[in-house]
Amino acid sequence: MASDGFTTCLWFDGQAEEAAHFYVSVFKNSSVGKIARYPEGAPQPAGGVMTVEFTANGHKFLGLNGGPQFKFTEAVSFVITCENQEEIDYYWARLTENGGEPGPCGWLKDRYGVSWQVVPDRLDDMITDPDPAKAARVTEAFMAMSKFDIATLEKAYAGE
């Protein structure tokens, strides 16, 4: 098994380098690494970006300009666990800007079609609380939300 973790490969249709720079601008602990270009005779135009390595929030990615054959779906998403409402608001705004789409229950798609879940770090504790009434109230509250509102979730958890 690889000793340094996994690298997530994201398939783009010509936007891999642009996306890498975007993600690096959104997340701390991020950088763009090596860029490989298509050679003559490749399935994409020679000199165009084939792959771009980047790190976003410490996670390794490889952006691949593979063409239009495959699209992103909600079957795979990245979860951003946030400490407070300010973080939720920040990631929600940045990832939906310029063509991103808000979704239900803390989900969104960014401008490239990549799905994200922007959630409060306390949500898991709330929905797995041994008191089923607390868990049910929180679940009911978040099911009605698009972007999570921590204050509303805390009130539901408290039974207010």
Does the pair D110 and Y23 meet the rule for a side chain to side chain donor-acceptor pair (under 3.5 Å), with working shown? CA-CA 10 Å; D110 67 27; Y23 296 132; 2.5 Å; yes

Calculate, to the nearest 0.5 Å, the distance between atoms CG and CD belonging to N84 and E87 respectively. 5.0 Å

Could you tell me if the side chain of R111 sits less than 4.5 Å from the side chain of E97, heavy atoms only? yes

Does CD belonging to E160 count more than 12 external heavy atoms closer than 6.0 Å? yes

Smallest heavy-atom separation, Q44 atom then G66 atom, equals NE2-O, 3.5 Å

Are there over 12 heavy-atom neighbours, none belonging to E40, within less than 6.0 Å of that residue's CD? no

Common cluster, W11/Y112, ILVMFWY with side-chain heavy-atom separation under 4.5 Å: no

Evaluate the ring planes of F61 and F54, with Trp represented by its six-membered ring, and classify them as parallel (under 30°), tilted (30 to 60°) or perpendicular (over 60°). parallel

Partner residues of D125 under the side-chain contact (heavy atoms from CB on, under 4.5 Å) criterion, sequence neighbours left out: R122

Is there a side-chain contact (heavy atoms from CB on, under 4.5 Å) between W92 and T96? Walk through the geometry before answering. CA-CA 6 Å; W92 194 269; T96 59; 4.3 Å; yes

Would you please name every residue forming a ring-ring contact (aromatic ring centres under 6.0 Å, His included) with F142, sequence neighbours left out? F148

If you apply the rule side-chain contact (heavy atoms from CB on, under 4.5 Å), what do you find for V118 with K147, and how did you get there? CA-CA 8 Å; V118 183; K147 178 177 72 171; over 6 Å; no

Under the criterion side-chain contact (heavy atoms from CB on, under 4.5 Å), I'd like the reasoning laid out for Y157 against D129: C-alpha separation, chi angles, the key distance, then a yes or no. CA-CA 9 Å; Y157 185 72; D129 191 286; 2.3 Å; yes

Honestly curious: do I88 and Y90 fall in one hydrophobic cluster under the side-chain, below-4.5 Å linking rule? yes

Side-chain contact, heavy-atom cut-off 4.5 Å: N57 with F78? no

Is there a path from V32 to F12 through hydrophobic residues (I, L, V, M, F, W, Y) whose side chains come within less than 4.5 Å of each other? yes

With rounding to the nearest 0.5 angstrom, report the CD1 to CG distance, I127 to L153. 10.0 Å

Would you please classify the geometry between the Y91 ring and the F27 ring as parallel, tilted or perpendicular, with 30° and 60° separating the classes? parallel

Looking at NZ of K34 and CG of L62, how far apart are the two atoms once the value is rounded to the nearest 0.5 Å? 11.5 Å

Please name all residues satisfying side-chain contact (heavy atoms from CB on, under 4.5 Å) with A36, sequence neighbours left out, ordered by chain then number. M50, T51

Take R137 and E140, measure what salt bridge (charged side-chain N to carboxylate O under 4.0 Å, His left out) needs, and give me the verdict at the end. CA-CA 5 Å; R137 288 192 306 265; E140 183 179 349; over 6 Å; no

After noting the C-alpha distance and the side-chain angles of V138 and L123, does the key distance pass the side-chain contact (heavy atoms from CB on, under 4.5 Å) rule? CA-CA 8 Å; V138 171; L123 182 65; 3.9 Å; yes

Quick check: is M143 connected to I150 through a chain of hydrophobic side chains (ILVMFWY, heavy atoms under 4.5 Å apart)? yes

According to a 4.5 Å side-chain heavy-atom criterion applied to Ile, Leu, Val, Met, Phe, Trp and Tyr, with indirect links allowed, do W116 and W107 form part of one hydrophobic cluster? no

Can you tell me if Q85 has over 12 outside heavy atoms packed within less than 6.0 Å of its CD? yes

Under 3.5 Å donor-acceptor, T55 side chain and S30 backbone: no

